[in-house]
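Here is the structure we will look at.
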Protein chains: 2
Amino acid sequence: MEKHTATKLFESLSSGVRLDIYRLLVKCGQDGMVAGQIAATLDLPPNNVSFHLKGMNHAGLVTVEQEGRFQRYRANLPQMLELIAYLTEECCAGHPEQCFDQTPGACCPEAALPPISTTPSES
Amino acid sequence: MEKHTATKLFESLSSGVRLDIYRLLVKCGQDGMVAGQIAATLDLPPNNVSFHLKGMNHAGLVTVEQEGRFQRYRANLPQMLELIAYLTEECCAGHPEQCFDQTPGACCPEAALPPISTTPSES
DNA sequence: TCAATACTACAAGAATTATTGAAATATAGT
DNA sequence: ACTATATTTCAATAATTCTTGTAGTATTGA
C-alpha cells in the first residue's frame, strides 16, 4: 500500500461523523446501508452524509453500489486489513508480538545504538 | 475506547509526516528513537517533528520518556490494538470474519430490511 | 559559571476542511 | 409526461491545520 493511500484512509476516519458512518457500515457488514438510511440512523443532514460518503468512497474506505435510486454503501473491510498490515509490515520483520517484549534491540538493532551522529554540521 | 480518542488517533495518522514518524517508531519497537534522530532520519526540521510528536503524544499514539536531554519516543502499540478492536468491536458481534461472507443478514439482520421508514414527515 | 546541545513553545501566514442551505440530477410510479 | 423520492452538487462561511522562523528552557560537560 502506498503512503498516500494510507493517509487518505486515516483522514477518512479522523472525523467523528465519518467514524460513525464507518462503524455503522462495519456493523452492517455485507448488507451495507443506503445513504438515506445512514443519514436517518445518525440523525444527520443527508447532504452532509453524502459529502462525507463521497470522500470515504474516494479514499477507498467504503464501496458503493447503485440499487435503483438508492446508493448502497458498504465498508471496504479488505482495504482496512491491508491498512493495518501496512501499519505493521515493518514491525519486527512482520512479527509485531515481539514489540511487546522488553528486550532492547529485539526489533530494531540499529536503534539500539546511541542516539548520536545525527548532526552532520557541514561548517 | 471513546470516539474522541479514536478520531484523535486517526487524525494523528492522517498526515504523511506523522505516518512516517509512526511507522518508523513501529519499526523500532521498544527501542524507540529520540526526537533528533527521528528528524534526521526523515530529513525534516526538528521543530516540525517536535510539533507533530507533541500531537501524537497527546493523542496517545506514542509515548515519551526523558533520557537526560534526549526525549525518547516509542509507538504505543497496545493503544493501536485497542483502536483496531474499537473499529471492529460491533462487527458481526465480534466475529469480523463473517463480514466476508456473502450471506445477507448474517452480520446485521436489521439492515437486511428494506431501506424505508426513514422519513418521519411531521406535517 | 559558561558554552553547546537537544528539544520545545510561540506567533504568523497560507492552505485545507467542515457545515449548512439551496438547487440540480436521476429514478420510480402513476 | 408529471410528481415524488433519493442523492448529489454547488456556493459561502467558519473553523481548523500545516509549515516556517524565532526565541526560550533544560541538560551536559569544561
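Here is how names work: the chains are called A, B, and so on, in the same order as the sequence lines, proteins then strands, and each is numbered from 1. Everything quoted here is computed from the prediction, not taken from an experiment.
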- Message: Any heavy-atom pair between the side chains of A/Val34 and A/Gln71 that's under 4.5 Å?
- Response: no

From the list [options], which nucleotide is the closest neighbour of the side chain of [X]?
{"X": "A/His52", "options": "C/dA4, C/dT20, C/dA18", "result": "C/dA18"}
{"X": "B/Ser50", "options": "D/dC18, C/dT8, D/dT8", "result": "C/dT8"}
{"X": "B/Asn48", "options": "D/dT17, D/dC18, D/dT20", "result": "D/dT20"}
{"X": "B/Arg69", "options": "C/dC7, D/dT7, D/dT28", "result": "D/dT28"}

- Query: Is the charged tip of B/Arg18 near the ring of A/Phe10: under 6.0 Å from the six-membered ring centre and within 45° of its axis?
  - Reply: no

Tell me: [atom1] of [X] to [atom2] of [N], nearest whole Å?
{"X": "A/Arg72", "N": "D/dT8", "atom1": "CZ", "atom2": "P", "value": "13 Å"}
{"X": "A/Gln71", "N": "C/dT27", "atom1": "CD", "atom2": "P", "value": "10 Å"}
{"X": "B/Asn47", "N": "C/dA11", "atom1": "CG", "atom2": "P", "value": "15 Å"}
{"X": "B/Gln66", "N": "C/dA6", "atom1": "CD", "atom2": "C1'", "value": "10 Å"}
{"X": "B/Asp20", "N": "D/dT19", "atom1": "CG", "atom2": "C1'", "value": "16 Å"}
{"X": "A/Glu11", "N": "D/dC18", "atom1": "CD", "atom2": "P", "value": "10 Å"}
{"X": "B/Leu19", "N": "D/dC18", "atom1": "CG", "atom2": "C1'", "value": "16 Å"}
{"X": "B/Leu44", "N": "D/dG21", "atom1": "CG", "atom2": "P", "value": "13 Å"}

- Query: Would you call A/Arg72 and A/Glu67 a salt bridge, using N to O less than 4.0 angstrom?
  - Reply: yes

- Item | 5' precedence on DNA chain C between B/Lys54 and A/Ser15 (nearest-nucleotide basis) | B/Lys54

- Message: If the cut-off is 4.0 Å, is B/Tyr73 near the phosphate of C/dA6, judged by side-chain N/O to OP1 or OP2?
- Response: no

- Item | A/Leu61/A/Asn76 under side-chain contact (heavy atoms from CB on, under 4.5 Å): CA gap, chis, key distance, verdict | CA-CA 5 Å; A/Leu61 193 64; A/Asn76 189 347; 5.8 Å; no

- Message: Mind checking if A/Pro45 touches a base, just sugar-phosphate, or nothing, with heavy atoms under 4.0 Å?
- Response: sugar-phosphate

- Heavy atoms of other groups near A/Glu2 CD, more than 12 under 6.0 Å: no

